[in-house]
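Here is the structure we will look at.
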Amino acid sequence: MLLTISGIHTYYGQIHALRGVDMEVEAGEIVTLIGANGAGKSTLLMTICGNPRARQGEVIFDGETLTHMSTSEIVRRGIAQSPEGRRIFPRMTVMENLQMGAITSDPQYFDADLDRVFDLFPRLKERQNQRGGTLSGGEQQMLAIGRALMSRPRLLLLDEPSLGLAPMLVKQIFEVIREINAEQKITVFLVEQNAYHALKLAHRGYVMANGQILMTGSGEELLADKEVRAAYLEGGH
């Protein structure tokens, strides 16, 4: 098992955000986590990366406990995150953002990794000397994913990659996620409000509400589940 989350409790001050979360992600999978706003999905991804730190439970990556490591140590183990809201460096150019993503990886791989990102996102190559803050929303999302890939991750955490994007761009982003997983052999843990696209893409999925996991199954099983359809798939349509 590549990632094991066991009995995780996370707090923001007195607010109990995650309540005994258990999850697993196998190497080579795309696993998605769906749920309403405020369910705790983004908190779980941030807890995996050590900020905030879990108060109880364990996060284990490839047999090694991450729970008390710093975020920089966790990134060096092979985990990268493309956060909600993109959070690129707006005053830096596209190239400088990608260089920041590569800061923990061996410089000998930089050119090959850069070519790989530009193959996935040709628009970034065209915009490489442009400041990140002047890019469109879709281009900024491409840059956020590209920056994460520059660290050569074994596990890619994606937080709401389709948020605020036009339908055509949403389709493109999900195709890229599929390609990253199938061709680059990167395991993907995807948090996504677009439950239909996420479950169609994922090998397995989890449903979260109020900081707890309510349900798990294959993507197909969750797509077919009446409760999931009623709650997250526009009444089943």
Side-chain angles (χ1 to χ4, degrees), residues 1-26 29-62 64-88 140-141 144-145 147-148 151 153-165 173 177 187-195 197-199 201-202 204-217 219 222 228 231-232:
M1 193 64 60
L2 186 64
L3 179 71
T4 302
I5 297 164
S6 179
I8 286 292
H9 291 260
T10 300
Y11 291 76
Y12 292 111
Q14 298 301 312
I15 299 171
H16 197 174
L18 298 179
R19 302 168 179 264
V21 173
D22 295 308
M23 288 184 63
E24 292 182 332
V25 180
E26 292 187 21
E29 283 190 309
I30 299 175
V31 173
T32 193
L33 177 64
I34 64 172
N37 276 335
K41 306 185 303 297
S42 294
T43 297
L44 180 58
L45 289 194
M46 292 188 292
T47 299
I48 293 169
C49 293
N51 186 22
R53 201 174 295 284
R55 196 174 294 182
Q56 294 173 245
E58 283 191 316
V59 177
I60 300 170
F61 180 67
D62 199 19
E64 187 173 17
T65 300
L66 307 181
T67 318
H68 302 293
M69 289 185 186
S70 68
T71 299
S72 61
E73 289 175 311
I74 291 168
V75 171
R76 291 179 189 279
R77 295 302 190 278
I79 298 178
Q81 183 178 11
S82 175
E84 183 181 6
R86 296 136 199 172
R87 298 187 201 172
I88 61 165
Q140 288 187 17
Q141 185 62 67
I145 296 173
R147 183 181 61 186
S151 69
R154 297 169 60 199
L155 173 63
L156 179 62
L157 309 178
L158 296 174
D159 196 351
E160 304 286 6
S162 76
L163 188 66
L165 301 185
I173 290 294
I177 295 169
T187 305
V188 177
F189 183 16
L190 169 67
V191 162
E192 179 57 59
Q193 276 198 304
N194 191 324
H197 281 292
L199 292 172
L201 179 69
R204 292 189 303 113
Y206 291 85
V207 180
M208 175 176 272
N210 300 316
Q212 297 176 298
I213 298 298
L214 300 185
M215 192 181 305
T216 184
L222 292 178
V228 172
Y232 305 108

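In what follows, residues are counted from 1 in the order of the sequence shown. Keep in mind that this is a model prediction, so the values were computed, not measured.
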Original post:
Listed by chain and number, what are the side-chain contact (heavy atoms from CB on, under 4.5 Å) partners of Met215, not counting sequence neighbours?
Top reply: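 Per chain and number, Met215 pairs via side-chain contact (heavy atoms from CB on, under 4.5 Å) with Val207, Leu222, Asp225, Glu227, Val228.
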Original post:
Quick one: side-chain contact (heavy atoms from CB on, under 4.5 Å) partners of Val75, sequence neighbours excluded?
Top reply: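 In terms of side-chain contact (heavy atoms from CB on, under 4.5 Å), with neighbours along the sequence ignored, Val75 is linked to Thr71, Thr104.
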Original post:
With sequence neighbours excluded, what pairs up with His9 under the ring-ring contact (aromatic ring centres under 6.0 Å, His included) test?
Top reply: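 Only His16 meet the ring-ring contact (aromatic ring centres under 6.0 Å, His included) criterion with His9.
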Donor-acceptor list for residues 45-57 side chains, cut-off 3.5 Å, not counting sequence neighbours:
from  : atom 1 : to    : atom 2 : distance (Å)
Thr47 : OG1    : Thr10 : OG1    : 3.2
Thr47 : OG1    : Thr43 : O      : 2.7
Arg53 : NH1    : Thr67 : O      : 3.0
Arg53 : NH1    : Met69 : O      : 2.8
Arg53 : NH2    : Met69 : O      : 3.4
Arg55 : NH2    : Gly13 : O      : 3.4

**OP:** Would you mind listing every salt bridge (Lys or Arg N to Asp or Glu O under 4.0 Å) that reaches into residues 68-79, with sequence neighbours excluded?
**Re:**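 Applying salt bridge (Lys or Arg N to Asp or Glu O under 4.0 Å) to every pair that reaches into residues 68-79, excluding sequence neighbours, yields Glu64-Arg77.
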Subject >> Pairs where residues 153-163 contributes a residue and the test salt bridge (Lys or Arg N to Asp or Glu O under 4.0 Å) is met, not counting sequence neighbours >> reply: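 For residues 153-163, and leaving out neighbouring residues, the salt bridge (Lys or Arg N to Asp or Glu O under 4.0 Å) pairs sorted by first residue read Asp62-Arg154.
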For [X], which residues count as a side chain to side chain donor-acceptor pair (under 3.5 Å) partner, sequence neighbours excluded?
{"X": "Glu192", "answer": "Ser162"}
{"X": "Arg87", "answer": "none"}
{"X": "Gln140", "answer": "none"}
{"X": "Thr216", "answer": "none"}

Subject >> With sequence neighbours excluded, residues passing salt bridge (Lys or Arg N to Asp or Glu O under 4.0 Å) with Asp22 >> reply: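 Here no residue qualifies.
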Original post:
Which residues pass the salt bridge (Lys or Arg N to Asp or Glu O under 4.0 Å) test with Glu29, sequence neighbours left out?
Top reply: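 With neighbours one apart ignored, the set is Arg204.
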Original post:
Are Tyr206 and Lys41 close enough that some pair of their side-chain heavy atoms sits under 4.5 Å apart?
Top reply: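 Side chain of Tyr206 against side chain of Lys41, heavy atoms only: no contact under 4.5 Å found.
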